[in-house]
Amino acid sequence: MHLVAINPGFVAEASGIDISAPLTADQVAAIEAGMDRYAVLVFRDQPLTDEQQCAFSRNFGELEATLIAQMSNPADRRLKPVEMGDISNLDAAGRLRARDDNRRMYALGNRLWHSDASFRATGAGYSLLSARVVPSAGGNTEFADMRAAYDALNERTKTAIEDLITEHSIAFSRAELGFADYGVGNDDKIRPVRHRLVRTHPATGRKSLYLSAHIGGIVGWPVPEARAFIRDLTEHATQPQFTHAHRWRVNDLVMWDNRTTMHRARRYRDLQDVRDLRRTSIKGTGMTVEQIPAAA
Ligand code: OGA
Ligand code: MN
């Protein structure tokens with residue numbers, strides 16, 4: 001496998017590897033080393049079935065069930081395995097979702113800068129997104145480097161935020177867009193979990209900002225003060241010098257580390273144009289802070 005930097009120290013393109021086939025331990029180690037050195041890897045021209053995507057993803061840990069699969073009726077889902085995140089604008093019958101479709105409105109939350117599954121006590125490790133159909137225009141995914149954003153803070157700010165604990169819930173990111181319709185029986189899925197705002201990567205020892213649209217508070221702070229501060233930090237962390245836009249081609253697989261990056265979807269004509277991307281995510285392996293109260 002060969003890596004060429006597209007965005008120095010942040011995004012690289014990988015070639016010389018077929019990720020649809022079983023990998024050797026050396027290939028897995030090379031990808032992990034690449035993920036530590038950069039934080040986003042792009043694999044071009046990798047047609048994958050859902051099974052191949054799951055098999056490739058399992059090289060990096062246990063797959064996570066998507067929240068939407070846990071909260072919705074299987075009959076409403078186009079992709080049946082609970083580990084396959086349906087990042088498309090299609091319904092269970094393969095038709096474009098209507099403007100007022102509940103799932104479409106929920107999915108619009110991906111347009112806010114976030115880290116996947118930060119609303120879970122362990123967050124997510126890597127996410128892997130495979131492009132099966134791409135729209136004719138728009139629909140980029142943007143990434144922001146939370147290590148570089150941390151490094152660029154002044155020392156006073158670094159000291160002030162070192163021990164802050166944030167509260168994350170899917171309900172906070174969706175509330176930002178005015179969405180609150182989760183269906184009954186899902187209260188446990190929206191209960192906030194706690195994370196350190198500054199986290200240290202287990203392999204590289206680098207510190208990064210653990211920011212996400214799912215944050216709704218800072219422990220011990222009044223809510224408006226916390227949200228205003230998180231907004232300032234997010235604005236800092238998503239300046240152009242810390243970000244990269246990925247323009248999708250069919251059969252791209254993009255892999256990112258949720259512990260050190262944020263990402264967001266960009267607009268496209270989703271009422272006319274099909275965009276079919278499929279995501280797998282690796283479960284996080286450690287909590288960044290004790291959970292008080294314990295939450296799933
Ligand atoms: C995701 C996500 C962004 C996009 O798959 O987790 O946020 O561009 N996707 O669709
Ligand atoms: Mn996401």
Side-chain angles (χ1 to χ4, degrees), residues 11 39-43 48 50 53-54 56-57 60 63-71 77-79 81-90 96-97 103-120 122-146 168-170 172-174 176-177 179 195 210-215 234 237-238 243-271 273-284:
V11 185
V40 182
L41 295 183
V42 176
F43 300 80
L48 294 175
D50 289 355
Q53 182 174 346
C54 285
F56 174 65
S57 303
F60 309 104
L63 302 190
E64 183 174 87
T66 69
L67 185 66
I68 196 78
Q70 293 175 333
M71 295 204 300
R77 293 208 319 271
R78 187 173 62 107
L79 309 179
V82 295
E83 299 87 8
M84 288 304 301
D86 188 358
I87 310 298
S88 81
N89 54 338
L90 303 173
L96 291 169
R97 288 191 184 270
R103 273 290 301 273
R104 171 177 185 265
M105 292 188 285
Y106 173 87
L108 286 169
N110 280 346
R111 296 246 294 266
L112 306 176
W113 285 108
H114 65 281
S115 172
D116 287 338
S118 74
F119 47 76
R120 296 190 201 270
T122 52
Y126 301 155
S127 284
L128 303 94
L129 192 55
S130 157
R132 311 297 172 84
V133 181
V134 301
S136 53
N140 289 350
T141 304
E142 292 181 350
F143 295 92
D145 187 346
M146 296 298 104
H168 299 234
S169 162
I170 191 78
F172 295 136
S173 54
R174 270 49 190 176
E176 192 149 332
L177 298 182
F179 180 89
H195 289 294
Y210 194 30
L211 288 171
S212 186
H214 306 311
I215 297 178
T234 302
T238 56
T243 68
H244 174 81
H246 179 72
R247 292 182 59 161
W248 290 98
R249 288 190 222 147
V250 173
N251 296 330
D252 283 352
L253 180 123
V254 178
M255 182 168 172
W256 64 89
D257 191 336
N258 287 293
R259 297 168 295 190
T260 52
T261 63
M262 284 204 289
H263 61 280
R264 66 172 177 178
R266 303 306 280 153
R267 199 154 55 89
Y268 68 104
R269 282 171 302 191
D270 72 306
L271 301 174
D273 231 357
V274 175
R275 183 178 190 256
D276 184 356
L277 273 54
R278 301 184 188 195
R279 197 191 77 201
T280 39
S281 289
I282 311 301
K283 280 186 185 170

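The first residue of the sequence shown is numbered 1, and numbering continues consecutively from there. The figures that follow rest on heavy atoms only: side chains count, while hydrogens, waters and symmetry mates do not. Counting starts at 1 for both ligands and their atoms, in listed order.
- Taking the Mn ion (ligand 2) as reference, the nearest N/O/S atom within Asp116 carries the name OD1.
- In this structure, the separation between NE2 on His246 and NE2 on His263 is 13.0 Å, given to the nearest 0.5 Å.
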Just list the N/O pairs, ligand 1 to protein, that are under 3.5 Å apart, with the distance for each.
from	atom 1	to	atom 2	distance (Å)
ligand 1	6 (O)	Asp116	OD1	3.1
ligand 1	6 (O)	Asp116	OD2	3.2
ligand 1	6 (O)	His263	NE2	3.3
ligand 1	6 (O)	Arg279	NH1	2.5
ligand 1	7 (O)	His114	NE2	3.1
ligand 1	7 (O)	His263	NE2	3.0
ligand 1	8 (O)	Thr141	OG1	2.5
ligand 1	8 (O)	Arg275	NH2	2.8
ligand 1	10 (O)	Arg275	NH1	2.8
ligand 1	10 (O)	Arg275	NH2	3.4

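- For the side chain to side chain donor-acceptor pair (under 3.5 Å) with Asp86, the lone residue among Arg78, Arg77, Arg279, Arg103 that qualifies is Arg78.
- A search for salt bridge (Lys or Arg N to Asp or Glu O under 4.0 Å) contacts involving Arg174 returns nothing, not counting sequence neighbours.
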Q) Given Thr280 and Phe56, is the side-chain contact (heavy atoms from CB on, under 4.5 Å) satisfied, shown in steps? A) CA-CA 10 Å; Thr280 39; Phe56 174 65; over 6 Å; no
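- Every pair passing salt bridge (Lys or Arg N to Asp or Glu O under 4.0 Å) that includes a residue from residues 245-257 is listed here, sequence neighbours excluded: Arg44-Asp252, Asp257-Arg259.
- With 3.5 Å as the limit, one finds no donor-acceptor pair spanning the side chains of Ser212 and His114.
- For Arg267, the salt bridge (Lys or Arg N to Asp or Glu O under 4.0 Å) criterion is met by no residue, not counting sequence neighbours.
- Nearest N/O/S atom of His114 relative to the Mn ion (ligand 2): this is NE2.
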